[in-house]
Number of protein chains: 2
Amino acid sequence: MKNDELFALLRRRGVLWPSAEIYGGTQGLYDYGPLGFSLKRRLEEAWAAWFVGLSHDYHLIEPAEILPEAVVRASGHLENFTDPEVTCDSCHSAFRAETILEKVRPEGVDGLAPEQIAEIVSANHLKCPTCGSLTLSVPRPFNLMFGVDWGVTGKERAYLRPETAQGSYLSFSRMWDVGRRALPLGIAVIGKAYRNEIAPRQVLFRMRAFTQAELQVFFDPAGFAVPFDRVREDSLPVLRVERRERGEETPEMIRADDLVRSGGLPEFYVYHLVHTVRFFRDVLHYPADRIRLYEKSDKERAFYNRIQFDVEVRLDSLGGYKELGAVHYRGDYDLTRHSQGSGKDLSVHPTGREPLLPHVLEMTFGVDRNIWGLADVHLGKEGERTVWKLPSYLAPVAVGVFPLIGKEHGAYALALTDELAGWGIAAQYDDGSSIGKRYARMDEAGAPFCVTVDGETLADGPAKDSVTLRQRDSRAQERVPRSELGNRILSGLRPPRPSRA
Amino acid sequence: MKNDELFALLRRRGVLWPSAEIYGGTQGLYDYGPLGFSLKRRLEEAWAAWFVGLSHDYHLIEPAEILPEAVVRASGHLENFTDPEVTCDSCHSAFRAETILEKVRPEGVDGLAPEQIAEIVSANHLKCPTCGSLTLSVPRPFNLMFGVDWGVTGKERAYLRPETAQGSYLSFSRMWDVGRRALPLGIAVIGKAYRNEIAPRQVLFRMRAFTQAELQVFFDPAGFAVPFDRVREDSLPVLRVERRERGEETPEMIRADDLVRSGGLPEFYVYHLVHTVRFFRDVLHYPADRIRLYEKSDKERAFYNRIQFDVEVRLDSLGGYKELGAVHYRGDYDLTRHSQGSGKDLSVHPTGREPLLPHVLEMTFGVDRNIWGLADVHLGKEGERTVWKLPSYLAPVAVGVFPLIGKEHGAYALALTDELAGWGIAAQYDDGSSIGKRYARMDEAGAPFCVTVDGETLADGPAKDSVTLRQRDSRAQERVPRSELGNRILSGLRPPRPSRA
């Protein structure tokens, strides 16, 4: 489906809609409805089960979303978290320089000085997209953080966090003290981040408030032991810098051990990269041939990142590969900066080792972007019907429960819905319109199962009453005893977990 | 425990700590560590299972946390969401008027004009708490919302939401369209709200960022049918206005049907009030004799609230009853204001009825406050040991898994931990120090079970290997076959659900 068509469908089904819609919407903000929120919560849980599940020493915390100015000064965001912004001297519209240069310089504006951007604008006679004038300004850096007036004096400044990662860095010292005092130590956060995007667009892809899931693993740079044998033979769809420089856009499959042996990547990095790909492919069910690991070059990645591969998935609605996650080897940048900024030495002293400042391996995941990705890839037309083929453990509704005739079978179906809910199953009662239309609604909602209560159910009597169980993907229907129903549905509802290191 | 003692324990155990602690903390913000976050998530799920579970027509959504100015103008927050603030003309410290008047006027400052407050300050010779001068100013209204510079022009203003409820009101129209187009319709939100408190204090009780769980039920004022027979005989611990006016502080037990018959309260209100009390008493296990329903008078409640009972629980750490939730009958205030503010008529047209503007019944719940409440009431010393007697479905760790001797039984215990985690059980491996100390750590974390793997386990062989299962509350230990372990632990992990209307 195209972007607009997909958004219209998601909006109509109450998956998501523009925030404050009755006021005309708030640019860059979206609300999740019941289906969207349920999917989002399940996606977050699947991410946590997988990534936090990678080790007994990885933990999930919930730090505050507001950062005092000293923190964003130390992290570099106050100075550097900017986007070059071009304004029109005629109509005063503002644009991201990247947007203005999109057609003449598709590779983006990273690394260009303001004067260089202005030169490209001028040389290509680029006009203001709003009024058409040739009066676009030299770009100025626009800080993307939202400032907040903090406290009562009017003198304090705080900021909505531009990324969840800072909360993990700030908590490292406390987590060290309350934990095993050993490395590696992983600190994960799932939560909102905020960016004052100059041009919010593509619905969930460039929002002003969005949910990230990020895992920061603090490790001893002298050695980060991982059970590499478990991943050695996995092949990864890699697009390395040298291949990109030859003009290639498609990835090549390279074995994990080759990425270490001849590819120059450390084992701990490849180990986590393999698990990241397994998550996208085996847990989220993105087709393997849509996934690529896009290596960022020296110039493209932030200066403190030593290695960076973005996880990209090809999405039809957005016309190409889109970044849905990434794995960053950040070195000791973060703890060094916060040691300086806070005045507290964040180096640690593991038993039997000299004191050291841990390095950081970061796994990032865009929750909203992946909701869009899961809609793009799994939601579509199949003949007459529209069906969302989500993995069962992500489906916002696990089972639709229908009475064949509302007046006759409604009470039984409602009680059954409650029984299933009591098992922790997201069961949804529906007695509106024909059974066919109810199947269609549940197909759109991604429910892997539907159950219909009919005259036979009631006639059977409580000991052996049976219902019709219908499967979303095969559309097969079968008669199932009520007593077996819970286990049949429950069996697919737990997200997969990796074997732990 | 006293407030400080309890906070020190929670901090030491990594339940929560001041945000940006290495920078000296951010006033009014706290981070949840692994135990705190796990407890918080379970508490949110228990709230949702109970309150959203009250009806098939109640739903959970996730609206954005940022509101454009037009929304808070319409809701009245821009004008009225203020606290009288007193400043000291000598040292420029700022205080809430309520704090300054605390001793001479314990009933608070609601309804007092600035001049009246200044008069009380002057008549009582109240000094600045910081510098001791008699130079406190006449109070001025201080808006508690955090403003955000929105967009790129510097001209737009937005606000961090001061309550989650607004997101439900803004979504009502969309939810009506995507749903059954029938009343009642319940829209619940669990998420952050933000208030620029003049004096953050009492740890989780007056924070600048906090988590609310709120359910807004939109209903037809001509009739909101509930199965009142199911609650008729429940007795509620009520402190009504007339009783308060006689100087009473203790509640009296009044039957639900008496609250309707002679108490003048509508059935739908009492029905939801009963379920609220059941939640606090039967789900969160607050002792019945610590709960009271504190009725707010005309003067005390917001002018749009027609009926308001706060749910208060007596907490030793804070020296008295504290508000942990509330039930508000808000009338049509919210939809009226947003109809005017947005220009979109929010009245609805249910089948067979004239168009009407729904009224709102609101159930609010302070997530952080209840985490504190659950620590106050359930965490304490019992002889030599400190134990957190949380209900199993709230416990951040469901089971601690120990090898008797790390080197010999560690691999088995780790595999068992993973197996239990695969069942969705929060299992935590611990091989540090003596078994006694590990029990002590799990007692403090509230884990209802501990499992020890020993030589006998390994000797038994895979078919019938058994472990020691130890229960937190009774401290009883028994030998349990591994095959039975999952079900034994799982049985208590689902939060209770009400029977649905």
Side-chain angles (χ1 to χ4, degrees), chain A residues 12-14 17 19-23 26-27 29-34 37 40 53 56 59-68 70-71 85 94 142 146-149 151-153 167 170-171 173-175 178 180 192 196 198 209 338 342 344 414 417-418 421-422 424 429 432 494 497 499-500, chain B residues 12-14 17 19-23 26-27 29-34 37 40 53 56 59-68 70-71 85 94 142 146-149 151-153 167 170-171 173-175 178 180 192 196 198 209 338 342 344 414 417-418 421-422 424 429 432 494 497 499-500:
Chain A
R12 179 171 59 73
R13 287 297 279 125
W17 54 79
S19 193
E21 197 178 18
I22 57 173
Y23 284 82
T26 316
Q27 228 194 345
L29 299 186
Y30 293 85
D31 292 353
Y32 287 101
F37 176 66
K40 181 167 183 270
H56 290 274
H59 306 279
L60 194 54
I61 67 168
E62 187 180 277
E65 290 87 350
I66 296 178
L67 301 173
V71 168
E85 178 197 37
F142 177 80
F146 286 112
V148 173
D149 298 322
V152 292
T153 61
L170 296 176
S171 302
S173 174
R174 168 65 51 184
M175 287 288 287
V178 303
R180 295 201 306 124
K192 284 289 171 84
N196 194 4
I198 299 170
H338 285 303
S342 69
K344 182 179 164 73
L414 280 169
T417 309
D418 284 345
Y429 177 83
R494 295 235 165 276
R497 307 177 74 94
S499 51
R500 276 199 260 214
Chain B
R12 179 169 59 74
R13 288 296 280 126
W17 54 79
S19 193
E21 197 178 17
I22 57 173
Y23 285 82
T26 316
Q27 228 194 346
L29 298 186
Y30 293 86
D31 293 352
Y32 286 102
F37 175 66
K40 180 167 184 271
H56 291 274
H59 307 279
L60 194 53
I61 68 168
E62 187 180 279
E65 290 88 348
I66 296 179
L67 302 173
V71 168
E85 178 198 38
F142 178 79
F146 285 113
V148 172
D149 298 321
V152 292
T153 61
L170 295 176
S171 303
S173 175
R174 168 64 52 184
M175 287 288 288
V178 302
R180 295 202 306 123
K192 284 288 170 87
N196 195 4
I198 300 170
H338 285 303
S342 69
K344 181 180 164 73
L414 279 168
T417 309
D418 285 344
Y429 176 82
R494 294 237 167 275
R497 307 178 73 93
S499 51
R500 275 199 260 214

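Below, chain A is the first sequence line, B the second, and so on; all start at residue 1. Just the heavy atoms: all of them, side chains too, but no hydrogens, waters or symmetry mates, feed the values below.
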Measuring heavy-atom distances to chain A, does B/Y32 have an atom under 4.5 Å in its side chain, in its backbone, in both, or in neither? both
So which atom in B/P34 and which in A/H59 form the shortest heavy-atom distance, rounded to 0.1 Å? CG-CB, 3.8 Å
Highest number of heavy-atom pairs under 4.5 Å with chain B among A/A64, A/A70, A/A94, A/G14 belongs to A/A64
For A/S499, is it the side chain, the backbone, both, or neither that has a heavy atom closer than 4.5 Å to a heavy atom of chain B? neither
Approximate separation, where rounding is to 0.5 Å, of A/K344 NZ and B/I22 CD1: 8.0 Å
Please name the pair of heavy atoms, one in A/G422 and one in B/R494, separated by the smallest distance, quoted to 0.1 Å. O-CD, 3.1 Å
Measuring from A/L67:CG to B/Y23:OH, what's the distance to the nearest 0.5 Å? 9.5 Å
Let me know if A/R13 has heavy atoms under 4.5 Å from chain B in its side chain, its backbone, both or neither. backbone
Drop me the distance from A/W17's CH2 to B/L170's CG, to the nearest 0.5 angstrom. 10.5 Å
Would you check if A/T26 and B/I66 make a side-chain contact, meaning some heavy-atom pair closer than 4.5 Å? no
In terms of heavy-atom pairs under 4.5 Å, which option from B/S173, B/S171, B/G167, B/G432 contacts chain A the most? B/S171
Taking all non-hydrogen atoms of both residues, which atom of A/I198 and which atom of B/V152 are closest, and how far apart? CA-CG1, 3.5 Å
If we only count heavy atoms from C-beta on, is the B/D31 to A/R174 side-chain gap below 4.5 Å? no
B/D149 to A/N196 - nearest heavy-atom pair and separation: O-ND2, 3.7 Å
Scored by heavy-atom pairs under 4.5 Å with chain A, the best of B/Q27, B/E65, B/R12 is B/E65
Which bit of B/R497 comes within less than 4.5 Å of chain A, counting heavy atoms only: side chain, backbone, both or neither? side chain
Answer with side chain, backbone, both or neither: which region of B/L414 has an atom nearer than 4.5 Å to a non-hydrogen atom of chain A? both
Tell me whether the rings of B/Y429 and A/H56 are parallel (<30°), tilted (30 to 60°) or perpendicular (>60°). tilted
Most heavy-atom pairs under 4.5 angstrom with chain A, which of B/G53, B/A209, B/P68? B/P68
